[in-house]
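The structure appears right after this line, and notes come after that.
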Protein chains: 2
Amino acid sequence: MQSEKITADYGKLRRWYRDACGTALAMDLIGERWALLIVRELLLGPRRFGEIRGALPGLSANVLTQRLEGMEKAGIMRRRTLPSPANAQVYELTRWGYALEEPIFALSRWAAGSPAHDVTLPLSNTAFMLSLRTMMDPRVDPAFAPDLGFRIGGEPFRAAIVQGRLAIERREPEGAGIVFVGEPLKLAATFYGPAPLAESIREGRVEVTGDLGQAQRFVTLFRLPAFPAD
Amino acid sequence: MQSEKITADYGKLRRWYRDACGTALAMDLIGERWALLIVRELLLGPRRFGEIRGALPGLSANVLTQRLEGMEKAGIMRRRTLPSPANAQVYELTRWGYALEEPIFALSRWAAGSPAHDVTLPLSNTAFMLSLRTMMDPRVDPAFAPDLGFRIGGEPFRAAIVQGRLAIERREPEGAGIVFVGEPLKLAATFYGPAPLAESIREGRVEVTGDLGQAQRFVTLFRLPAFPAD
DNA sequence: CTGTATCCGTGTTGATACTG
DNA sequence: CAGTATCAACACGGATACAG
């Protein structure tokens, strides 16, 4: 309907807080259901419609369309057509959209301390890789600079420690010094569980190639925050 | 066990993402409409039901009740009865709830860069005071330690710069070295606008008592982030 | 495959009225 | 003042149909 289209711009289709506070505006912009998870899926680079859908079971196509439209209008992301011969449409964050990484990480670290945190629930490949960047201890020895590869649920990633942070790219892990291969949930159990890496390998949660000592050292950089008693 | 109770409600109370990712859990916990703004109103200390309602026009009583119940069950806040003779019920954040300050500030700083940011919209007293903590330049000269008082929309606050951050309490400003008095929106124009403090005083946006030079210096510590070009 | 446009059942939200 | 009850409007998710 046309009246809906018109009001969709900034009018009454959605419920706005109409509050000058930044928190309220943030919730206006990315507080709708699924919005922040869609951003999360784009945080490691452009993705196609179907890739986003595949990573977010429960998100229906029409809602995804609405969110992509809304966030594009808000200046958070843009649609781009890949150059020939790919010719595919992809969605990518704007620079301002990428700046959502900090709020998302702050929220993740906070929520990971909840007693309701259930690590047996599904986890997307991107979500696992991002969790590494979120949860890595930044006080890592600067001399420890492993060359890392991952193949998570079949998707390739390449990573390195740069100034205490984990830099991640969606690229083939060929030639990396250490390569981790597995499914997101098993990998999460490996990185965030109490067992040593060797046990995870033995029980088939993860395959690791390369220097196992270095790999074990890398794994111990990750820990979930505890729920603060009160 | 508490975690069992929380996860037991998982399917019934509302729509959950059922995702192991921290971002998804965060949105499950505080992504419902109004939730984060209610937390914001509690960030400077316990408040009563009516105070929260008064600060959030548009929030209806039944939704406020639901949010308070939900966030209490989630371990984010608690109900407390003030000791006699006050005997009033107040809502206050748990320690974990107070830890939402960091995500809220990250979201605020991000959203303040939006071209849609409209500083003429309503602003609660608490929201203005928190915006000062959010937006203050942390690289302030450690030797600059003003003793600050505020009376925002009639509400008293006391503040000081402690290790580059603004510490704020809900207390009478009597005896403070510098006292700012005014309405939230006018104060925001004073702190975040381009005009010098003297002009804001002249045009009645704010009343200031105490050392005007120090007050001017304090005001220049605040600036809104710009929208990153892309 | 990549979306867009429907309808439909259901849960969430918001305004008003109401009770202790 | 501190909520509860009721009800209408809307958002969401699922299904389906359809277009490029």
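Throughout, a chain's letter reflects where its sequence line sits, starting with A, and its residues are numbered from 1. Everything numeric here is computed off the predicted structure, so don't read it as measured data.
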**Message:** Rounding to an integer number of Å, can you tell me how far A/L64 CG sits from D/dA15 C1'?
**Reply:** 17 Å
**Distance in angstrom units between B/Q66 CD and D/dT6 P, rounded** = 14 Å
**Request:** To the nearest Å, give me how far apart CD (A/E69) and C1' (C/dT4) are.
**Result:** 9 Å
**Asked** Between B/W34 and C/dT12, is there a side-chain N or O to OP1/OP2 distance below 4.0 Å?
**Response** no
**Request:** State whether A/R79 places a side-chain N or O below 4.0 Å from either non-bridging phosphate oxygen (OP1 or OP2) of C/dG3.
**Result:** yes
**Complete:** Rounded to whole Å, CZ of B/R67 lies from C1' of D/dG3 at a distance of 16 Å
**Item:** Residue list, salt bridge (charged side-chain N to carboxylate O under 4.0 Å, His left out) with B/E183, at least two apart or on another chain
**Value:** none
**Prompt:** If you count the non-hydrogen atoms of other residues, nucleotides and ligands that lie under 6.0 Å from CD in B/E101, is the total more than 12?
**Reply:** yes
**Prompt:** So, is A/R48 near the phosphate of C/dC1, with a side-chain N or O under 4.0 Å from OP1 or OP2?
**Reply:** no
**Message:** Do the side chains of B/R170 and B/E51 get close enough for a salt bridge, i.e. N-O under 4.0 angstrom?
**Reply:** no
**Request:** Find out whether A/L187 and A/L123 are in side-chain contact, i.e. whether some heavy atom of one side chain is under 4.5 Å from a heavy atom of the other.
**Result:** no
**Message:** I'd like to know if B/N62 reaches the base of D/dG3 with its side chain, counting only an N/O donor and acceptor under 3.5 Å.
**Reply:** no
**Asked** Under the ring-ring contact (aromatic ring centres under 6.0 Å, His included) test, which residues partner B/F157, sequence neighbours left out?
**Response** none
**Asked** When the C1' atoms of the five terminal pairs at each end define the local axes, what inter-axis angle does the helix from C/dC1-D/dG20 to C/dG20-D/dC1 show, to 10 degrees?
**Response** 30°
**Item:** Nucleotide D/dC12, atom C1' - distance to CD of A/E32 in whole Å
**Value:** 11 Å
**Prompt:** Excluding sequence neighbours, so at least two apart, what forms salt bridge (charged side-chain N to carboxylate O under 4.0 Å, His left out) with A/R171?
**Reply:** A/E169
**Asked** Considering residues at least two apart in sequence or located in another chain, which fulfil the side-chain contact (heavy atoms from CB on, under 4.5 Å) criterion with A/S60?
**Response** A/N62, A/V63
**Request:** Measure the distance from CD on B/E51 to P on D/dG3 and round it to the nearest whole Å.
**Result:** 12 Å
**Asked** B/L130 and B/I104: side chain to side chain contact (heavy atoms under 4.5 Å, CB included), yes or no, with the steps?
**Response** CA-CA 10 Å; B/L130 287 171; B/I104 285 176; over 6 Å; no
**Asked** Could you state the OH-P distance from B/Y91 to D/dA2, rounded to the nearest angstrom?
**Response** 9 Å
**Rounded interatomic separation in angstrom, taking CE from B/M27 and P from C/dT12** = 16 Å
**Prompt:** Counting only non-hydrogen atoms, which of residues 53-61 of chain A are less than 4.0 Å from DNA chain C?
**Reply:** A/A61
**Prompt:** Do the side chain of A/R133 and the main chain of A/R165 share a donor and acceptor less than 3.5 angstrom apart?
**Reply:** no
**Message:** Side-chain N or O of A/Y17 versus OP1/OP2 of C/dG14: is the shortest distance under 4.0 Å?
**Reply:** no
